Structures are given as structure tokens and as C-alpha cells.
Amino acid sequence: MAFEEKIKQLLDLRVQTKLGGGEKRIEAQHSKGKLTARERIALLLDEGSFEEFDMFVTHRCTNFGMEKKEFLSDGVVTGYGTIDGRLVYVFSQDFTILGGSLGESFARKICKVMDQAMKVGAPVIGLNDSGGARIQEGVNSLAGYAEIFERNILASGVIPQISAIFGPCAGGAVYSPALTDFILMSKENSYMFITGPKVVKTVTGEDVDEARLGGAQVHASKSGVAHFVSENEQEGIQMIRKLISYIPSNNLEEPPVFDCNDPIDRLEDSLNHIIPDDPNQPYNVKDVITGVIDNGEFFEVHEKFAPNLVVGFARMNGMSVGIVANQPNYMAGVLDINASRKGGRFVRFCDAFNIPIITFVDVPGFLPGTGQEYGGIIVHGAKMLYAYGEATVPKVTVTLRKSYGGAHLVMSCKQLRGDINYSWPMAEIAVMGASGATAILYGSDLKKMESEEEKAKFIAEKQKEYEDKFSNPYNAAKYGYIDDVIEPRNTRFRVIRALQALATKKDNNPMKKHGNIPL
Ligand code: HXC
């Protein structure tokens, strides 16, 4: 073959690869409102930055007539490119080829990008759209999944791993995304479950459709499996690009720093009036967050799951921070099982990737009752406690209002290595609220009283006494548990100064194989 012909052969092969499973299947993909694997990569990466690996890989299976169903690239597009100039590795499952099903060669391709990403310290982004294990390849498909899982596990805490679900993700296939740091699901066409509606019907008799069993809304609000939901794939891809902007490329690097045009000493007067006079009145803690962070730009994680705790990324003077805040607007900001799981996982991500944590506290306590106890609030609450206590990144805490009991300790208190703990003057830092405390302390006195009037008067007096003593931040400040009581409108400046002071913080945990977090 002459050289020109060889070059033509290469170019023809490239054209053929780019057609995936063929024009008809691409049309079918588009008709469902879905993009192809390559279109997704083109949107995700900086223009012209994609370098593809393994486009000539095919499967080696001959079962069930598979030798006649050979496609270049074998159903997954892999390689590397950049997002805002920063290196990322990517794999994108191609549903147009054998339903994006995963066999031996397919899995090897994914493993190759994961291995390289680990060597160079760059994030891996997986775009999932697959019928799961390729049935014709039998145990080789299963082995392929396990190879990926093991890499997900070893990469955890070393390089960021992000999964987008843009189609089916069923069976054991769900566990690779589940092992990654963040899962994004598109509202259209995406679902995740360990068994589909037909198997559910057979095993439990339950009638349920795909969306209700494992659609984006379900995983975003009920299970917490999905951290982000997008209206469509395009929006989802932009969200991943944004997420990448807040996080470092690996655990040895710092997050990128951006120019900040929001004055660091900006006074936010509204914060002086945001806490209602009535301590039982709610307010929206997101107004506090947006008032304090750079330009009010908050990138929320797990927005619809456990809204009694708000977590997400922001910048302070251009530096990435993780925000954790109780939300008085929802269930009074109480900590329950889901909020604890959510907060614990977010704190651990920030700690693994050198992102300082700012905690805004307004928490009445842990949610009581059999529902929570039977569900294991003790163990789940301990997750959050463990995560904060283990975290060695800079931790700045601002107590806005209530901070009671065990929940006070969990929310980055001084003794869990909170570095700088501030409080607003309206804060109440105590073992519990005034009414609960007086009922316990004076229960026997109350029993002796006959008239309701007398009881009410006595309770009011004792509550006032308790409030005077404990419903303020100065009692905690007296013992040094609070470093300073600050004016709310000055919070941005004080927190930025704290972060600047902590920028060179060095702290370690004892050497060990790994801790035993209460899972
Ligand atoms: C081989 C598969 C496949 C699979 C789909 N295809 N899934 N081929 N192995 N797992 C093929 C189909 O045969 C079809 O090929 C093409 O992909 C498109 O599939 P359709 O069914 O026509 O598409 P659609 O109607 O959109 O349905 C998509 C689907 C359905 C819902 C994903 O294909 C499906 O239910 N697939 C099986 C899902 C599943 O149970 N997978 C195994 C899960 S268990 P042709 O050539 O006919 O067009 C698992 C274990 C992992 O994954 C364990 C890891 C530890």
C-alpha cells in the first residue's frame, strides 16, 4: 500500500469510528433527546483539546454471533483534554454501539484512562449511558466492572472522580458512579437502579416505572445518590465544568485561585437584621451564605436532599471554600440521618482535596423519635462528627443563632479542631433550649404545684433565668470556646482574614492504615 493510501486508510478509519454504531442509531439517540458520546465530550472539553485513545479497539468475543457485530472503539470513547485549560481524563459510553454495554475491551479502555489520570494527578469524568454488563461476554464483563471498581476505590481521595448519568445505568454498573465523588443526573432519560421495574415486580410485586424507581428527581431528593440534577445534558455538562473550577486536580494540589472583584471588607448590612426577634422564627440561611461569599455565587451540592443542611462550594477572596450551614427554613435546621450523611460526605470531600470549610451554625439539635433511632441516627450522626473531627483543612465556624447539645459539637466546634470559631451576638450556645432545660431541672418542683397559674409563672421565671445565663455567646466565649463575637455585617471580612491566617495551616492525624468511620 502506498503511503498516501495508508494515510487515506487512517482517515477513513477515523471517520468510521466517529460514526459509532451508525447513522441510524445516532438518529435514534437524537430522537430521544440524547447527545452522542462524542457530542458530549465536545461540549465538556475546551474546543479542540480532546486527544482520543484506543479508537481502533474492538471486542474479542465470538459468542452469540458477536464476531459479526464489531465496532471500532467498542462502545466507549476515551482520552484526555482540558477544561478551562486544566487537564482532565474522560470516558463517554456510546449507547449507539451495542447499547453502550460493557465488555472486556470496553473496561480496559476505561481502566487505561483511570490509570493515566492517577499517574499524572488529573480528575476523571465518566459520562454514563449504558445497558450494563455486555451479556454476550459473560464473566469477562463482570471482571471488567470489578477492574473499574478497584480503580475507583484506589483513586478515591487522590484524584477527583465525577460521574454524569445521561441514560440507563443499571445493575452492578451503578456501583462505579457510586464510588466516585459526585453524581450528576440529567432530568431527561437518565435512571439508576440495581434492578429494573420488571425484576422489582417479580420479586416484590411492586408496580413502579423507571423514573419513579431511579430517575433523577428520586435520586436527588429521596436517596441522595445524585448530588446534582440538570434540566438536560447540555446544562449538566456545564455544571461539571463549573464543579471542576472549584476543586484541585489531585490531593497534593490546592484548588485554583480566581481574581476577586468583590471587596474583602464589604459590609453586608442586611446580616445585622436577618435573625428574627422570635427565636423560633425561621430565615433562609442561603441569604447569609450569599451575603458573605464572593459575588453571592454559591454552587450548591445536594440541593434537594436533606434541605435542613445546606452544603456547597463558593469562593472567598477568590479561594475555593466548602460551605456547610444548618437551614432554619426547613425543619428548623435540625440534624437528622440524611443531613448527617450529606454533611459528613461533603466535609470529607473538602478535607481530601484541601478545600477549607466554613460552617454556619443554627441548629436546635438532633431530630428525636423512633423513626430516627430505628434508622440509626446514632451511627449516621457519628459520620458527620467523625468527618469534622478528622478534617485537617482550615475550619472556620460562625454560630449565627442556636447551637445546642450534641449538634453544637458536631458543627465544627473548637474541640473537634475547629480553628477559628466566631459567633454572632444573637447566638445561644447551650446544652439545650430554655424550655427543655427548665422542664428537666425543675420537674420535681413543678409536680408539687397545684395551680396552673403558679406553674406558668414559675416556668417563665426559670426560663428567663436560663436564657439570661445561657442564651448568649458570652458564656462560651468566657471559656475560649468562641474566639470572638463579631458584628454580623462584618462576617465576610472576618472570615476572609481567618482563612488568610490559616492558609499555611499544617495538621496531621496519627499514622494508621485507615480509620473505621461509622459506616
Ligand atoms: C448486550 C445490550 C445490552 C447488554 C442493551 N444491549 N443492553 N447488548 N448486553 N447488557 C443492546 C440491545 O440488544 C440492542 O441491540 C441495543 O443494545 C439497544 O438496546 P435496546 O434494548 O434496543 O434499547 P432501549 O429500548 O433503549 O433499552 C435500553 C435498555 C435495555 C433499557 C438499557 O437495552 C435493557 O434493559 N438492557 C439490559 C439491561 C440489563 O439488564 N443489563 C444487565 C444489568 S446487570 P440491537 O442490536 O438489538 O439493537 C449488570 C451487571 C453488572 O450490568 C455487574 C457488575 C458488578
Side-chain angles (χ1 to χ4, degrees), residues 19-37 40 58-77 91-111 114 126-153 163-180 183 185-186 188-203 208-216 218-219 225 233:
L19 280 177
E23 272 164 7
K24 266 200 180 151
R25 287 183 193 268
I26 292 178
E27 262 169 44
Q29 181 85 346
H30 285 159
S31 70
K32 290 182 207 157
K34 290 165 76 177
L35 299 172
T36 66
R40 289 168 182 156
T58 54
H59 66 72
R60 299 190 288 184
C61 176
T62 51
N63 303 324
F64 304 103
M66 280 291 278
E67 63 281 3
K68 295 186 208 102
K69 291 187 178 175
E70 217 178 65
F71 296 89
L72 290 179
S73 86
D74 197 39
V76 63
V77 184
F91 66 86
S92 181
Q93 299 173 341
D94 186 348
F95 194 82
T96 69
I97 297 178
L98 302 164
S101 59
L102 179 145
E104 180 199 13
S105 306
F106 186 120
R108 281 225 181 103
K109 286 184 65 173
I110 294 179
C111 291
M114 294 179 81
L127 309 176
N128 296 266
D129 184 4
S130 165
R134 189 173 293 161
I135 295 159
Q136 301 90 326
E137 296 201 37
V139 288
N140 285 329
S141 306
L142 297 185
Y145 272 116
E147 295 279 358
I148 295 169
F149 297 164
E150 185 61 35
R151 282 166 176 79
N152 287 137
I153 294 161
S163 304
I165 316 294
F166 289 150
C169 183
V174 296
Y175 286 112
S176 175
L179 290 166
T180 64
I183 296 180
M185 294 181 78
S186 160
E188 302 159 359
N189 293 316
S190 80
Y191 49 88
M192 296 179 82
F193 35 64
I194 53 163
T195 53
K198 282 189 195 136
V199 176
V200 172
K201 175 78 184 161
T202 319
V203 177
V208 64
D209 62 19
E210 283 159 350
R212 221 159 48 80
L213 184 61
V218 164
H219 284 311
V225 166
E233 294 182 21

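Side chains are part of it too, since the values below use all heavy atoms of this structure and drop only hydrogens, waters and symmetry mates. What you see is a predicted model, and the numbers here were worked out from it, not measured in a lab. Just follow the structure's listing: the first ligand is 1, and inside any ligand the first atom is 1.
Here Lys198 has no heavy atoms under 4.0 Å from ligand 1, in either its backbone or its side chain. Residue-level proximity to ligand 1 for Ser130 is absent, since no heavy atom of it falls below 4.0 angstrom.
The presence of a protein heavy atom under 4.0 Å from atom 33 (O) of ligand 1 is ruled out. Inside a 4.0 Å radius of atom 47 (O) of ligand 1 there is not any protein heavy atom. Shown here, atom 14 (C) of ligand 1 is out of close reach of the protein: none of its heavy atoms lies under 4.0 Å off. Protein heavy atoms are absent from the 4.0 Å sphere centred on atom 22 (O) of ligand 1. Within a 4.0 Å radius of atom 17 (O) of ligand 1, the protein contributes at least one heavy atom. By the definition of a contact as any protein heavy atom under 4.0 Å away, atom 4 (C) of ligand 1 is in contact. At least one protein heavy atom sits closer than 4.0 Å to atom 9 (N) of ligand 1. Protein heavy atoms are absent from the space less than 4.0 angstrom from atom 30 (C) of ligand 1.
For ligand 1, the atoms lying closer than 4.0 Å to a non-hydrogen atom of Leu142 are 53 (C). Those atoms of ligand 1 with a heavy atom of Gly132 less than 4.0 angstrom away are 52 (O). Within ligand 1, counting atoms from 1 as listed, the ones closer than 4.0 Å to a heavy atom of Lys32 are 26 (O). Atoms of ligand 1 found under 4.0 Å from any heavy atom of Ala133 (numbered from 1 in listed order, with element): 4 (C), 9 (N), 10 (N), 49 (C), 50 (C), 51 (C), 52 (O). Using a 4.0 Å cut-off to heavy atoms of Tyr145, the atoms of ligand 1 that qualify are 51 (C), 54 (C). Less than 4.0 angstrom separates some heavy atom of Tyr191 from each of these atoms of ligand 1: 31 (C).
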| Residue pair Asp74, Thr58: steps toward the side chain to side chain donor-acceptor pair (under 3.5 Å) verdict | CA-CA 5 Å; Asp74 197 39; Thr58 54; over 6 Å; no
| task | Would you sort out whether Phe95 and Lys32 count as a side-chain contact (heavy atoms from CB on, under 4.5 Å), showing the intermediate values? | result | CA-CA 12 Å; Phe95 194 82; Lys32 290 182 207 157; 3.7 Å; yes
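Ranking protein heavy atoms by distance to atom 6 (N) of ligand 1, first place goes to Leu98 O, 3.8 Å. Among protein heavy atoms, atom 1 (C) of ligand 1 sits closest to Gln136 OE1, 3.2 Å. The closest protein non-hydrogen atom to atom 7 (N) of ligand 1 is Gly131 CA, 3.7 Å.
Between the side chain of Ser92 and the main chain of Ala37, a donor-acceptor pair closer than 3.5 Å is present. A donor-acceptor pair under 3.5 Å links the side-chain atoms of His59 to the main chain of Lys69, judged by distance alone.
A distance of 9.5 Å separates CG of Leu127 from CD1 of Ile165, quoted to the nearest 0.5 Å.
The closest approach between Tyr175 and ligand 1 stays at or above 4.0 Å for every heavy atom of the residue.
By the side-chain hydrogen bond (donor to acceptor under 3.5 Å, both in side chains) test, Ser101 is found to be paired with Arg134, residues two or more places apart in sequence or in another chain being considered. Annotation: side-chain hydrogen bond (donor to acceptor under 3.5 Å, both in side chains) contacts of Gln29 (sequence neighbours excluded): Asp129.
Ion pair Glu233/Lys34 not flagged as a salt bridge, since none of the NZ, NE, NH1 or NH2 atoms sits closer than 4.0 Å to an Asp/Glu carboxylate oxygen.
Ligand 1 has no N or O atom lying under 3.5 Å from any N or O atom of Pro168, backbone or side chain. Considering backbone and side-chain atoms together, Phe95 places no N or O closer than 3.5 Å to any N or O of ligand 1.
Geometric assessment of Lys109 against the ring of Phe91 yields a negative cation-pi assignment under the 6.0 Å and 45° thresholds.
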